[in-house]
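First up is the structure itself, then whatever we jot down about it.
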Amino acid sequence: MKAVIYARYSSDNQTENSIEGQLRECKEYAERHNMTVVTSYIDRALSAKTDDRPEFQRMIRDSAKKQFDVVLVWKLDRFARNRADSATYRGVLKRNGVNVVSIKENISDGPEGIILEALLEGMAEYYSAELALKVKRGLKENALKCKAVGSTPFGYRKNADKMFEIDPLTAPIVLEMFTMYADGKTVKEISAEMNSRAVFANIKYKYTNKSSLHNLLKNRRYIGEYRYGDVVTPGGMPAIVPVEIFEKVQERMAKNRHKPAYMKADAEYILTTKLFCGKCGAMMVGTGGTSKTGKVHYYYKCSNRIYKKSCDKKPTKKDFLGRQIVALTQQNVLKDDVISNLADAVVELQKRTNTIIPFLQNQLEALDKRIDNVLKSIEAGIINASVKKRLDELEASKADIEISLAKERIEKTPLTKEQIVFWLSRFKGGNVDDPNYRRAIVNIFVNSVFLYDDKLVVTFNWKDGTKTVSLSELERAEAAHVQVLGCSHLDCGCPLHYFKSEPPFYLRRRTIRNCNKKMKNRLFSSRQ
């Protein structure tokens with residue numbers, strides 16, 4: 001008779017010895033009963049409470065090929081711990097001409113064998129259900145003591161007392177990712193940067209997509225809140241991320257979850273997610289309409305006014321608001337003293353310690369140990385396609401980490417304060433009507449804008465960088481520069497800025513000519 005062996009163990013805590021013992025005893029049984037073992041099907045660390053076992057399903061499919069007559073199992077609970085699954089799949093095998101034989105349970109072919117088999121299957125299912133209750137109860141008791149139950153979050157490790165403790169290698173990376181998101185980087189940008197630095201190479205934490213990284217940024221364990229099932233214990237584990245940074249991240253994620261379109265039709269709304277209604281605090285979104293003449297006009301409108309009809313804030317013209325925000329940035333941020341302070345901050349930022357190098361070194365050491373173990377197996381005579389494939393995978397991972405480590409170790413020449421000042425100063429002479437310039441100014445320097453009926457409050461991305469200005473003042477500046485001058489250089493300093501009504505024609509014409517010449521020279525100098 002031709003036989004196959006099905007072996008299984010259900011827990012990662014069990015060792016490969018469990019499989020080896022099952023295979024050895026099944027082969028000895030086959031020899032005693034003149035059976036030829038064709039092949040073996042092995043499921044590792046998979047429970048028999050479910051039929052979702054790859055090798056088990058492959059064995060059932062192969063039975064239809066009529067290539068074996070018997071399935072040998074160490075005990076029936078290796079085959080299934082569920083009476084329904086056992087009956088179903090043993091029926092499939094029987095229709096294919098295959099019997100299931102338990103080598104440790106002497107079950108006869110007579111009527112008494114049917115009763116014994118049903119009893120053994122029932123006992124196996126009872127044991128599985130009882131064990132599940134005990135395990136669940138034990139896990140909850142451990143959770144009430146704030147012990148490390150379940151998977152270990154990235155940034156932590158388990159100590160000898162089975163408690164969570166901060167991993168000095170990975171915790172700084174977690175804090176860095178939270179800080180990056182709080183400072184304005186997107187999930188996609190953070191994931192790309194971490195993957196480019198091989199942070200997640202060769203480890204089970206694969207935050208390579210938006211969903212998994214979102215889950216990391218929402219995990220309250222990082223502020224010390226122990227969680228397992230319905231057990232929640234504030235302060236039950238050490239915190240990695242300060243509460244203020246965590247809350248800032250959650251607030252930004254909530255805003256981005258309901259983020260309206262950045263682009264609508266042919267209009268670009270550069271203030272999206274940064275512009276808020278001063279009356280109700282809701283985000284203002286881009287909208288547009290066509291006049292009787294067929295001209296399309298674009299506005300920012302309070303989202304509560306659009307969707308909930310609960311706010312009476314009037315819409316504001318998109319281009320007008322964009323120009324004024326850029327002009328205020330030029331007047332309040334792009335000044336010599338502020339640029340100098342920003343440059344000092346960037347210089348200090350470059351002095352921060354690299355947290356990735358120790359982590360990559362640790363990963364490299366772990367890889368070397370795994371490669372050494374594979375080489376020892378080869379020296380012991382275990383040579384097959386799987387071993388070679390595993391060695392190639394480990395060598396490839398090692399090469400990737402060595403490249404990333406070399407990149408991190410390359411001493412980057414820090415920018416000097418003069419270089420940073422020069423780069424920031426280039427923004428001083430831009431044209432507020434240039435869409436690319438306006439986009440750059442808003443993305444780099446503007447943090448938030450609150451629009452009221454009579455004033456505008458702008459918060460810039462630097463300490464104490466808040467500016468309040470009345471809308472009437474902005475409207476006078478818009479009228480003087482755009483309608484009277486025909487010039488959009490709001491920071492040009494021309495004298496017509498101070499006229500409340502239209503000045504004489506000769507003065508207007510001369511001023512326009514001088515203003516344009518001055519701005520061209522400034523733009524040329526900045527490009528040089």
Side-chain angles (χ1 to χ4, degrees), residues 3-30 37-63 67-68 70-82 84-86 88-90 92-93 98 100-105 120-121 124-125 127-132 134-136 138-139 148-152 158 202-206 366-367 369-378 380-394 396-397:
V4 297
I5 299 173
Y6 178 72
R8 178 192 63 80
Y9 66 87
S10 58
S11 171
D12 282 324
N13 294 329
Q14 291 176 291
T15 65
E16 197 69 27
N17 295 332
S18 173
I19 291 292
E20 291 175 356
Q22 293 177 48
L23 293 175
R24 185 186 68 256
E25 294 194 30
C26 285
K27 288 177 181 178
E28 291 173 354
Y29 179 90
V37 176
V38 178
T39 187
S40 299
Y41 299 88
I42 302 170
D43 281 314
R44 293 175 170 83
L46 291 172
S47 172
K49 290 190 294 184
T50 170
D51 61 352
D52 187 15
R53 289 170 275 156
E55 287 295 288
F56 180 81
Q57 291 295 339
R58 187 166 73 89
M59 179 185 70
I60 299 298
R61 291 193 300 269
D62 289 349
S63 68
Q67 294 179 349
F68 54 88
V70 176
V71 173
L72 298 178
V73 293
W74 188 65
K75 284 187 177 182
L76 287 178
D77 62 1
R78 300 298 92 189
F79 185 82
R81 284 186 182 273
N82 181 304
D85 285 345
S86 178
T88 299
Y89 288 106
R90 291 185 69 173
V92 172
L93 291 172
V98 179
V100 178
V101 174
S102 168
I103 68 167
K104 285 296 183 181
E105 295 158 332
L120 292 172
E121 289 176 348
E125 186 171 0
Y127 171 78
S128 179
E130 185 187 35
L131 182 63
K134 289 180 178 178
V135 169
K136 189 175 181 180
L139 291 175
V149 178
S151 60
T152 304
K158 299 177 183 178
N202 198 47
I203 56 175
K204 60 183 178 180
Y205 304 98
K206 298 288 183 182
L367 269 176
K369 290 180 180 178
R370 293 182 184 180
I371 292 173
D372 187 54
N373 290 336
V374 174
L375 292 175
K376 288 179 180 178
S377 299
I378 294 175
I382 305 174
I383 304 175
N384 53 46
S386 299
V387 172
K388 185 179 183 305
K389 180 182 177 183
R390 182 58 178 158
L391 183 60
D392 291 340
E393 290 173 352
L394 293 173
S397 297

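Residues: numbered from 1 along the sequence shown. Because only heavy atoms are used, hydrogens play no part in the values below, and waters and symmetry mates are left out as well, while side chains stay in.
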### Shortest non-hydrogen separation from L72 to C26 and the atoms involved
CD1-O, 3.7 Å
### Query
What distance do N373 atom CG and L391 atom CG have between them, rounded to the nearest 0.5 Å?
11.5 Å
### Message
Taking the side chain as everything from C-beta on, heavy atoms only, tell me whether M59 gets closer than 4.5 Å to E55.
### Response
no
### Query
So do Y89 and V71 actually touch side chain to side chain, heavy atoms under 4.5 Å?
no
### Message
Check this for me: K158, atom NZ, are more than 12 non-hydrogen atoms of other residues, nucleotides or ligands nearer than 6.0 Å?
### Response
yes
### Task
Of all the heavy-atom pairs spanning R53 and R78, show the shortest one and how long it is.
NH1-O, 3.6 Å
### Task
Carefully, step by step, assess R370 and R390 under the rule side chain to side chain contact (heavy atoms under 4.5 Å, CB included).
CA-CA 10 Å; R370 293 182 184 180; R390 182 58 178 158; 4.1 Å; yes
### Message
When you compare the side chains of Q57 and Y41, does any donor N or O come within less than 3.5 Å of an acceptor on the partner?
### Response
no
### Message
Return the NZ to CD1 distance between K376 and I371, rounded to the nearest 0.5 Å.
### Response
13.0 Å
### Query
Is there side-chain contact between V4 and V98, with at least one heavy-atom pair below 4.5 Å?
no
### Task
Would you please test V38 and Q67 for side chain to side chain contact (heavy atoms under 4.5 Å, CB included) and show each step?
CA-CA 9 Å; V38 178; Q67 294 179 349; 5.9 Å; no
### Task
Could you pull out the closest heavy-atom pair between E25 and K104, with the gap in Å?
OE1-CE, 2.5 Å
### Task
First locate atom CG of L23, then atom CD1 of I42, and finally report the distance between them rounded to the nearest 0.5 Å.
4.5 Å
### Query
If you round to the nearest 0.5 Å, how far is CD1 of I103 from CD of Q22?
8.5 Å
### Task
Run the numbers on I5 and K27 for side chain to side chain contact (heavy atoms under 4.5 Å, CB included), then give the verdict.
CA-CA 8 Å; I5 299 173; K27 288 177 181 178; 3.8 Å; yes
### Task
Considering non-hydrogen atoms only, spot the tightest contact between S63 and F68 and give its length.
CA-CZ, 3.6 Å
### Summary
Shortest non-hydrogen pair, F79 vs V73, comes out as CB-CG1, 4.3 Å
### Task
Quick one: closest heavy-atom pair of A30 and V37, and the distance?
CB-CG2, 3.7 Å
### Message
Does any part of the side chain of D43, heavy atoms only, come nearer than 4.5 Å to the side chain of Y6, both counted from C-beta?
### Response
yes
